Amino acid sequence: MQLEQTLAKYFGYTSFRPGQKEVIEAVVEGKDVIALLPTSMGKSLCYQLPGYLFSKPVLIVSPLLSLMQDQVEQLKRLGEKRVVALNSFLSAEEKRYALHYLEQYRFIFTSPEMLLQQQVQEKLSRMELSLIVVDEAHCISQWGFDFRPDYLRIGEWFMQSQRPPVLALSATATDKVLTDIRSTLSLQAPFEFIYDVDRPNIHLGRVLFEDKADKASWILHHIQKTAGPGILYMSSRKRAEQYSETFKQAGIRAAAYHAGFGAEDRQFIQQQFIDGELDWIVATNAFGMGINKADIRQVIHESLPSTVANYMQEIGRAGRDGKPALAILLYSDGDEELAKFVTTGDLPATIHVDRYQELMMQNVLPSQMLKNGELSETAFRVLDYWMKEEPVEQVKIRLNNLALEKYQSIYEMQKIAQTKDCMRRLLVGYFGQNLRENPENCCENCGILYDAIIKGRTEVNLKIEMVSWENRLKQLLVGL
DNA sequence: AGCAGTCCAGTCGTCTGGACTGCTGTTCCACGAA
């Protein structure tokens, strides 16, 4: 009964959600664990509760600064003071202080990059941890190989013999992602809790187009006609802004979101969307991780996602309240070309490998390439990582294979877009699972009535305006 | 790869079409310039 008591004492709940107890028990027993739970299932409790049973700190590796801040604030609201986010938001002085007293915190959040810094490593090697958590662990696979190589290097650190148990958390993972997680983190016979990936309340629509212009007019018509809140995913920042502008002119409460905006703007837009002041976010794949909005009714993909895993993550943001939601994939022949360009365009090329080698021979720092603008910061970081890991010829093969894997992933996504069979069955199959039954309005090929799932725009908007007016009035009265 | 926008020649149309150009995602951290 100890777990239930701790749950009630620190979190105020009387019972666990599906999966939480099994995962927590395994963590408490000291096993390595992989837990795949849908976001609404309370993943963070899986390390927060054990944090109160252990006497030593829990270290959480998190992919985004905003995610760390959210978790820290959430814990502080629950009354926890011994929590810190060790990241670049800290001044030099604050960082020195946090490092000095690190063993006194109960929860330590950090990024892979910060984790690998020498001073952080030195401190951690001198202290004991009760648990290491890798939050959003699919990032290892999604980002480690060609974007944030430090995600692969956290594995080197995990190989030390005297390490505490590791808990890898994610919402979804394909077989490949699971394999990458196991091997990168050197997990020892992990206990794996894998929840059904299928989300029967998300109905899978798809519309095929002959022509790009048809697609654009379909989108505008659809968004004018149906109710949000919704996310429209695009694969270009510029086009996201153009669409958002068109929507606004048509009287739709929309905003664009991509990594080109500053952190403050992004935070503001995200908050407006969560508060119901915006109906549509027109975004690149920058939008999504850590968004806690339960009532998203639609997720539309204007362009082809680059992997099935990404598609699943993105549509999974809809309908977290369990009510019907619609995911619509828009596809026209040739959409895969843009996806190919976007995913492989920034990979270092063979000439960069040779150039790196040449500079090394001349005793010139390879970072000279970056200063000369010969390749992007991302491409250089990836090249630099692999050149230090493997012989030159191997790096060339590696980079070539990375591009081929990207093409393969896009092809798999394309198959979902083009299939004449059940989209859900195919989708769930990529995650190594079998679909038990097809829900009503399952997918485009099984038959789907859009009107039965989403409401028209006007009926919902009137209601939202009433509610937001009531809220404003309440705020005013409370303010007095 | 492929689309959208711009430029310019041809020839005298306020236009047409071909050539050309630019653009195409995701994060963290640190350092240096202003």
Side-chain angles (χ1 to χ4, degrees), chain A residues 61-69 85-92 94-95 109-121 135-136 138-154 209-216 231 233-243 246 256-263 266 282-291 301-307 309-311 313-314 332-347 365 367 370-371 376-382 384-385 402-403 406-407 409-410 413-414:
Chain A
V61 182
S62 173
L64 302 179
L65 298 173
S66 58
L67 223 55
M68 283 183 230
Q69 298 306 118
L86 193 60
N87 59 33
S88 61
F89 284 162
L90 301 184
S91 66
E94 289 167 329
K95 188 176 165 190
F109 291 85
T110 197
S111 64
E113 288 81 3
M114 186 66 84
L115 177 69
L116 289 158
Q117 282 185 9
Q118 202 186 346
Q119 48 180 334
V120 178
Q121 292 275 291
D135 199 10
E136 307 288 356
H138 60 278
C139 292
I140 292 170
S141 191
Q142 189 185 325
W143 282 347
F145 299 95
D146 64 348
F147 184 52
R148 286 174 74 180
D150 282 349
Y151 252 108
L152 300 182
R153 289 187 55 216
I154 61 177
F209 296 89
E210 294 279 313
D211 191 280
K212 295 254 185 304
D214 291 347
K215 202 191 254 186
I231 309 172
Y233 278 110
M234 326 265 308
S235 53
S236 142
R237 295 176 178 187
K238 197 171 154 188
R239 280 159 50 73
E241 289 187 34
Q242 287 168 346
Y243 267 82
T246 310
Y257 184 104
H258 58 66
F261 296 131
R266 290 171 65 167
V282 191
T284 61
N285 58 358
F287 187 78
M289 231 194 299
I291 305 292
H301 281 85
E302 188 267 351
S303 43
L304 199 71
S306 53
T307 68
N310 283 2
Y311 179 62
Q313 287 269 344
E314 286 164 1
S332 57
D333 278 339
D335 280 358
E336 56 282 359
E337 297 305 329
L338 178 59
K340 283 182 194 167
F341 189 94
V342 165
T343 51
T344 59
D346 204 22
L347 280 177
L365 280 176
S367 58
L370 193 55
K371 292 196 186 105
S376 73
E377 192 195 338
T378 300
F380 179 75
R381 191 174 12 165
V382 170
D384 192 49
Y385 172 78
L402 270 174
K406 301 261 177 206
Y407 286 178
S409 303
I410 292 164
M413 191 57 229
Q414 200 183 342

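Every chain is numbered from 1, with letters handed out A, B, ... down the list of sequences. What you see is a predicted model; the values in this text were computed from it and never measured.
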Legend entry - Non-neighbouring partners of A:Ser141 that pass side chain to side chain donor-acceptor pair (under 3.5 Å), sequence neighbours left out: A:Asp180

Inset, instruction - Carefully, step by step, assess A:Met413 and A:Glu336 under the rule side-chain contact (heavy atoms from CB on, under 4.5 Å). - result: CA-CA 9 Å; A:Met413 191 57 229; A:Glu336 56 282 359; over 6 Å; no

Inset, instruction - Quick one: label A:Pro112 by what it contacts on the DNA or RNA (base, sugar-phosphate, nothing), any heavy atom closer than 4.0 Å. - result: nothing

Inset, instruction - Decide, yes or no, whether a salt bridge links A:Asp146 with A:Arg381 under the criterion of side-chain N to carboxylate O below 4.0 Å. - result: no

Legend entry - Gap in Å between the two C1' atoms, one belonging to B:dC12 and one to B:dT16, rounded: 13 Å

Inset, instruction - Show the numbers, then the answer: is there a side-chain contact (heavy atoms from CB on, under 4.5 Å) between A:Ile154 and A:Leu115? - result: CA-CA 8 Å; A:Ile154 61 177; A:Leu115 177 69; 3.6 Å; yes

Inset, instruction - Give one of base, sugar-phosphate or nothing for A:Lys406, where a contact means two heavy atoms less than 4.0 Å apart. - result: nothing

Legend entry - Boundaries of the DNA chain B segment in contact with chain A, non-hydrogen, under 4.0 Å: B:dA1 to B:dA30

Legend entry - Sugar-phosphate only, base, or nothing, as touched by A:Arg153 at under 4.0 Å among non-hydrogen atoms: nothing

Inset, instruction - If the plane angle is over 60° it's perpendicular, under 30° parallel, otherwise tilted; pick one for A:Tyr257 and A:Phe287. - result: perpendicular

Inset, instruction - Take A:Asn310 and A:Ser88, find for each the nucleotide of DNA chain B with the closest heavy atom, and name the residue whose nucleotide sits nearer the 5' end. - result: A:Asn310

Legend entry - Under-4.0 Å salt bridge between A:Glu337 and A:Lys340: yes

Legend entry - Atom C1', compared across B:dC8 and B:dG13: separation rounded to whole Å: 16 Å

Legend entry - A:Glu94 (side chain) donor-acceptor with A:Ser91 (main chain) under 3.5 angstrom: yes

Inset, instruction - Under 4.0 Å between any heavy atoms, over every strand shown, what does A:Asp346 touch: base, sugar-phosphate, or nothing? Just pick one. - result: nothing

Inset, instruction - Have a look at A:Gln142 and say if it touches a base, only the backbone sugar-phosphate, or nothing, with a 4.0 Å heavy-atom cut-off. - result: nothing

Legend entry - Heavy-atom side-chain proximity of A:Arg148 to A:Cys139 below 4.5 angstrom: no

Legend entry - Whole-Å C1' distance, B:dT14 and B:dA9: 15 Å

Inset, instruction - Treat a base pair as Watson-Crick or G-U wobble with both distances under 3.5 Å, then lay out DNA chain B in dot-bracket form, 5' to 3', with | for cross-strand pairs. - result: ((((((((((....))))))))))..........

Legend entry - B:dT11 versus B:dA19 - spacing of their P atoms, nearest Å: 16 Å

Legend entry - From A:Tyr407 atom OH to A:Thr343 atom OG1, the distance as rounded to the nearest 0.5 Å: 7.0 Å

Inset, instruction - Using a heavy-atom cut-off of under 4.0 Å over every strand shown, decide if A:Arg237 touches base, sugar-phosphate, or nothing. - result: sugar-phosphate

Inset, instruction - Let me know, please, whether A:Thr344 or A:Asn87 comes out on the 5' side of the other along DNA chain B by nearest nucleotide. - result: A:Thr344

